[in-house]
Amino acid sequence: MSRKDFATLLLLAFAWGASFLFMRIASPELGPVFTTELRVTIAGGALLLYALLTRRRLGLLKHWRSFLLLGAVNAALPFTLICMAELHLSASLAAILNATTPMFAALAAWGTRKEKPGAAKSAGLIIGLVGVGVLVGWSPLPLTGTVLLSVGYSLGAALCYAFGGLYASRVGSGLTPLALAAGQQLGASVVLLPLAVIFAPDHLPSSAAVYSVLGLSLICTSVAYLLYFRLIANIGPVKTVSVTFLVPVFGLLWGVIFLQEQVYANTIAGLVIILLSVMLVNRRARKD
């Protein structure tokens with residue numbers, strides 16, 4: 001990996017880590033569905049404007065079915081699930097739970113491509129489950145049905161990302177990173193629009209929510225997904241997944257700095273165990 005690609009990886013982790021902070025601020029005020037609709041619509045619009053100004057062809061009409069499905073699985077559904085989770089979970093906890101994405105990616109590859117996990121992947125999957133148990137079970141949060149359901153939302157989002165990544169690698173052949181990023185966000189916007197109308201808030205948002213949505217849309221989505229798809233093209237999907245090691249660290253950091261979230265022993269322990277599981281899953285992938 002070149003220095004330029006490594007710097008891009010750090011910028012991506014910085015942006016995606018901040019997304020949990022912005023969702024934690026915006027979603028309780030605007031609602032999960034409307035927050036996500038604003039996020040993908042503004043992001044998609046910004047990318048479309050950039051494409052028009054630079055005279056780039058995106059092929060939106062040609063590949064509209066693929067973009068609708070990609071937007072639903074890799075943006076609309078996981079973004080909304082994380083917003084739902086962060087109504088009751090801290091930004092740092094949601095970020096760490098999202099680090100289970102490579103675990104689900106290994107399971108998704110096994111189920112769809114018959115890529116049976118070897119010993120390292122199997123151990124990583126088991127260790128990852130232990131990490132989630134430590135993170136949630138050994139926690140000062142009361143294990144109410146609402147908290148457990150919120151944890152389920154976070155894990156469901158990670159599962160969506162796993163299948164979304166597989167689908168993006170299949171339909172992305174021949175498409176530019178800009179086309180994939182814009183098509184995904186615009187597809188998600190179309191999919192969510194009917195629900196967003198139903199769940200639109202009946203009050204004006206605060207300035208904090210407005211700034212959070214703008215940061216979420218422009219930095220954490222428009223710019224971040226351009227970086228993400230460019231990294232996949234430059235260094236491949238396996239090395240790009242290593243961003244999973246960095247995102248929860250930044251998510252934890254932003255939560256502590258800007259939301260004064262408390263860091264407990266189980267938070268650090270769960271983070272370390274989950275990252276160990278990710279390392280095992282990815283190490284096997286590099287040998288294949």
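Since the structure is predicted, the reported quantities are computational estimates derived from the model, not experimental observations.
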Donor-acceptor contact present, side-chain Glu86 to main-chain Ala94, <3.5 Å | no

Can Leu97 be reached from Ile126 by stepping across I, L, V, M, F, W or Y side chains whose heavy atoms are under 4.5 Å apart?
-> no

Measure the CG-SG distance between Leu30 and Cys83 for me, rounded to the nearest 0.5 Å.
-> 9.5 Å

Please report the C-alpha distance between Leu69 and Tyr167 in whole Å, then the side-chain angles of each, then the deciding distance to 0.1 Å, and finally whether the side chain to side chain contact (heavy atoms under 4.5 Å, CB included) criterion is met.
-> CA-CA 9 Å; Leu69 183 55; Tyr167 185 68; 3.6 Å; yes

Of Val134, Ile96, Ile273, Val263, which is the lone residue that meets side-chain contact (heavy atoms from CB on, under 4.5 Å) with Ile268?
-> Val263

Side chain to side chain, Leu259 and Arg24, heavy atoms closer than 4.5 Å = yes

In terms of the angle between their ring planes, are Phe14 and Trp254 parallel, tilted or perpendicular, with boundaries placed at 30° and 60°?
-> perpendicular

In Å, rounded to the nearest 0.5 Å, how long is the span from OG of Ser150 to CG of Leu81?
-> 10.5 Å

Please collect all side chain to side chain donor-acceptor pair (under 3.5 Å) contacts where either partner lies in residues 215-225, sequence neighbours excluded, each pair once.
-> Arg39-Thr221

Kindly give the heavy-atom pair with the smallest separation between Leu12 and Ala224, and that separation in Å.
-> CD1-O, 3.2 Å

Find out whether Asn74 and Tyr161 are in side-chain contact, i.e. whether some heavy atom of one side chain is under 4.5 Å from a heavy atom of the other.
-> yes

Hey, quick one: are Val73 and Tyr153 part of the same hydrophobic cluster, counting side-chain heavy atoms closer than 4.5 Å, chains of contacts allowed?
-> no

Crowding at CG, Leu53 (>12 non-hydrogen neighbours, <6.0 Å) = yes

Is it true that Val171 and Phe229 fall in one hydrophobic cluster, defined by side-chain heavy atoms closer than 4.5 Å?
-> yes

Heavy-atom check, side chain of Ser27 versus side chain of Leu87, under 4.5 Å | yes

Atom pair CG/CD1 of Leu193 and Ile198 - distance to nearest 0.5 Å | 10.0 Å

Gap separating the CG atom of Asn266 from the CG atom of Leu271, nearest 0.5 angstrom | 11.0 Å

Non-hydrogen side-chain atoms of Arg56 and Tyr50 separated by less than 4.5 Å = yes

Of all heavy-atom pairs linking Leu226 and Leu178, the shortest is CD2-CA, 3.5 Å

Does the side chain to side chain contact (heavy atoms under 4.5 Å, CB included) test come out yes or no for Leu214 and Val210, once each step is laid out?
-> CA-CA 6 Å; Leu214 290 176; Val210 171; 4.2 Å; yes

Heavy-atom closest pair, residues Phe250 and Leu10 | CE1-O, 4.3 Å

Student check: side-chain heavy atoms of Leu89 and Val147 closer than 4.5 Å = yes

Whether His63 side chain and Leu180 backbone form a donor-acceptor pair below 3.5 Å = no

Classify the side-chain pair Ser92/Glu261 by whether it contains a donor and acceptor separated by less than 3.5 Å.
-> yes

Is there side-chain contact between Leu9 and Asp5, with at least one heavy-atom pair below 4.5 Å?
-> no

Do the non-hydrogen side-chain atoms of Leu216 and Thr35 ever get within less than 4.5 Å of each other?
-> yes

Go through the steps to decide whether Leu58 and Phe67 satisfy the test side chain to side chain contact (heavy atoms under 4.5 Å, CB included), and finish with yes or no.
-> CA-CA 11 Å; Leu58 300 179; Phe67 287 143; 5.9 Å; no

Minimal heavy-atom distance between Ala15 and Cys220, with the atoms involved, is O-SG, 3.1 Å

Under the side chain to side chain donor-acceptor pair (under 3.5 Å) test, which residues partner Thr41, sequence neighbours left out?
-> Glu37, Ser189

Show the numbers, then the answer: is there a side chain to side chain contact (heavy atoms under 4.5 Å, CB included) between Val191 and Leu68?
-> CA-CA 7 Å; Val191 169; Leu68 279 178; 4.0 Å; yes

Over 12 non-hydrogen atoms of neighbours within 6.0 angstrom of CG in Leu204 = no

To the nearest 0.5 Å, how far apart are NE2 in His88 and OG1 in Thr146?
-> 5.5 Å

Non-hydrogen side-chain atoms of Leu60 and Leu48 separated by less than 4.5 Å | yes

Here the pair of heavy atoms bringing Val243 nearest to Trp16 is CG1-CZ3, 4.2 Å

ILVMFWY network linking Leu218 to Val213, side-chain heavy atoms under 4.5 angstrom | yes

How long is the gap from NZ on Lys4 to CG on Asn234, to the nearest 0.5 Å?
-> 7.5 Å

Are Tyr228 and Leu175 grouped together when hydrophobic residues (ILVMFWY) are joined by side-chain heavy atoms under 4.5 angstrom apart?
-> yes

Taking all atoms of both residues into account, what is the closest heavy-atom pair of Gly45 and Leu186, and its distance?
-> N-CD2, 4.1 Å

